[in-house]
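Below is one structure, written out as structure tokens; comments come after it.
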2 protein chains.
Amino acid sequence: MSTPESRTDAGAVYRRYLSAVMLHGHASAKACDLGATDLYALNLLELEGPMTPGVLGARAGLTTGPTTRMIDRLEEAGYVRRVPSPDDRRKVIVEPIGKPVRLDEVMTPAREEIGKILRGYSPEQLDVLFDYFTRAAEAYRQAVDDLRATS
Amino acid sequence: MSTPESRTDAGAVYRRYLSAVMLHGHASAKACDLGATDLYALNLLELEGPMTPGVLGARAGLTTGPTTRMIDRLEEAGYVRRVPSPDDRRKVIVEPIGKPVRLDEVMTPAREEIGKILRGYSPEQLDVLFDYFTRAAEAYRQAVDDLRATS
DNA sequence: TCTAATCTCTTCTTTAAGGAAGAGAAATCT
DNA sequence: AGATTTCTCTTCCTTAAAGAAGAGATTAGA
């Protein structure tokens, strides 16, 4: 925590933490035969809620053809469902399905471990952690928007 | 934070946070034309340090052919470097290069935002956060190993 | 020493995902 | 009402990444 070269340097700790999170996400997805784009879309839906194929495809950086097929894959695998839009019959709404699927199953062990870790903290400490989770999520969400705007 | 259906439910907050992290990682990689597997390998190297192509490929779930080409791509893009193994002249060691490349550049805005957030906490609160980062990284690392063992 | 095993890399083939163009249905606008 | 725009989806083509098989170099073992 002192010298820049130190193995416990704060920046390094944080980078390693992020790498671990990414790695676990990827590994879980791979274990479920979920491609990178599919996972990306799934995360988008989790984070921003149901949206139309058009929006989802645009966010994922896809043209309409691949978007349709990506949603097909997610739907067949049971992650999402297409529902007709109530106000515009051309539109479709893609919404994540709450019911447990393969991905949740695969992620369960890690979630339990994290749960164990979190239960080791006092309520005050948990407040700090969840405050951070909330703020960081918003920061990352914003950063993704900025990235989209740039490119 | 009270009812299970609540929008601020702890589990939901955490899932949304993870989604945001994954999403940002993916978006950053995409902005640098880094494929999913390449990003995966890069995270592996960041987390576990230098390793041989054989190990890296196995960890990434690739056969030897694609492994070589993946390392070629990472090397050309300046993320890693191949160095000969000192004790076995058949082997090569792939190590991440510390110098800033496109990916770091793209991730800078988010890092600064996160830095700002972190600077808002007291030293005691930061201890809690970094304690969590360290433990969680280890938990995720372990979970990835378990996933590999299972499949 | 000489054979077998190990490690990386090359080449060829296959597959999965994405782009382009356009069709069909429904909404919007004049 | 008729024309135009907006959505989603389909089809065909292209491309990027992965598998398979094997070569070349080096180490380990009989």
Side-chain angles (χ1 to χ4, degrees), chain A residues 26-27 29-45 48-77 79-96 102 148 151, chain B residues 26-27 29-45 48 50-77 79-96 102-103 148 151:
Chain A
H26 262 128
K30 192 173 294 188
C32 305
D33 289 309
L34 260 176
T37 307
D38 298 14
L39 178 62
Y40 188 87
L42 224 41
N43 278 318
L44 266 172
L45 290 169
E48 316 215 349
M51 60 187 87
T52 65
V55 175
L56 184 58
R59 286 292 182 92
L62 297 177
T63 53
T64 67
T67 298
T68 298
R69 285 189 310 252
M70 176 191 70
I71 298 171
D72 289 346
R73 291 194 296 271
L74 292 177
E75 196 168 35
E76 273 166 38
Y79 294 104
V80 305
R81 142 180 70 196
R82 282 179 169 101
V83 297
S85 169
D87 57 308
D88 187 334
R89 292 197 305 181
R90 291 168 306 180
K91 288 190 187 172
V92 165
I93 303 209
V94 183
E95 57 179 35
R102 188 92 214 289
R148 274 206 311 140
S151 55
Chain B
H26 263 128
K30 191 173 295 188
C32 305
D33 289 310
L34 260 176
T37 308
D38 298 14
L39 178 62
Y40 188 87
L42 223 42
N43 278 319
L44 265 172
L45 290 169
E48 316 214 350
M51 61 187 85
T52 66
V55 175
L56 184 59
R59 285 293 181 92
L62 296 177
T63 55
T64 68
T67 297
T68 297
R69 285 187 310 252
M70 175 190 71
I71 297 170
D72 288 346
R73 289 193 298 270
L74 292 177
E75 198 168 34
E76 273 166 38
Y79 294 105
V80 305
R81 141 179 73 196
R82 281 177 170 101
V83 297
S85 169
D87 57 306
D88 187 334
R89 293 198 304 184
R90 291 168 305 181
K91 290 189 186 173
V92 165
I93 303 210
V94 183
E95 57 180 33
R102 187 91 214 288
L103 188 59
R148 274 205 312 138
S151 54

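Residue numbers begin at 1 in each chain, while the letters A, B, ... track the order of the sequences.
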From the list [options], which nucleotide is the closest neighbour of the side chain of [X]?
X	options	value
A:T64	D:dT26, D:dA18, D:dT10	D:dT10
B:P66	C:dC9, D:dC9, D:dA18	D:dA18
B:T68	C:dT10, C:dA27, D:dT26	C:dT10

How close or far is atom [atom2] of [N] from atom [atom1] of [X], stated in whole angstroms?
X	N	atom1	atom2	answer
A:I93	D:dC7	CD1	P	13 Å
B:M51	C:dT8	CE	P	12 Å
A:E75	D:dT8	CD	P	14 Å
A:R69	C:dA20	CZ	P	13 Å
B:K91	C:dC9	NZ	C1'	17 Å
B:D38	D:dA16	CG	P	13 Å
A:I71	D:dT10	CD1	P	11 Å
B:L62	C:dT14	CG	P	20 Å

For a quick test of reading the model: is some side-chain N or O of [X] closer than 4.0 Å to OP1 or OP2 of [N]?
X	N	value
B:R82	C:dC9	yes
B:T37	D:dA18	yes
A:T52	D:dT8	yes
A:T67	D:dT8	no
B:R89	D:dT27	yes

Look at the side chain of [X] and the backbone N and O of [Y], then say whether any donor-acceptor pair between them is shorter than 3.5 Å.
X	Y	value
A:R102	A:A31	yes
B:K30	A:A60	yes
A:E75	A:R82	yes

Does B:E48 pair with B:R59 as a salt bridge, N-O distance under 4.0 Å?
-> yes

Can a donor-acceptor pair under 3.5 Å be found between the side-chain atoms of A:R90 and the base atoms of D:dT6?
-> yes

Intermediate values then yes/no, side-chain contact (heavy atoms from CB on, under 4.5 Å), B:V94 and B:L74 = CA-CA 10 Å; B:V94 183; B:L74 292 177; over 6 Å; no

Under 4.0 angstrom, heavy atoms only, what part of the nucleic acid is B:P53 near: base, sugar-phosphate, or nothing?
-> sugar-phosphate

Scan B:G54 against the nucleic acid and name what it touches under 4.0 Å (heavy atoms): base, sugar-phosphate only, or nothing.
-> sugar-phosphate

In sequence, state the C-alpha distance, the side-chain angles, and the governing distance for A:H26 and B:L39, and then conclude on side-chain contact (heavy atoms from CB on, under 4.5 Å).
-> CA-CA 9 Å; A:H26 262 128; B:L39 178 62; 3.7 Å; yes

Of A:D72 and A:D88, the one whose closest nucleotide on DNA chain D sits nearer the 5' end is A:D88

Walking DNA chain C from its 5' end, the first of A:D87 and A:G65 to be reached, judged by nearest nucleotide, is A:G65

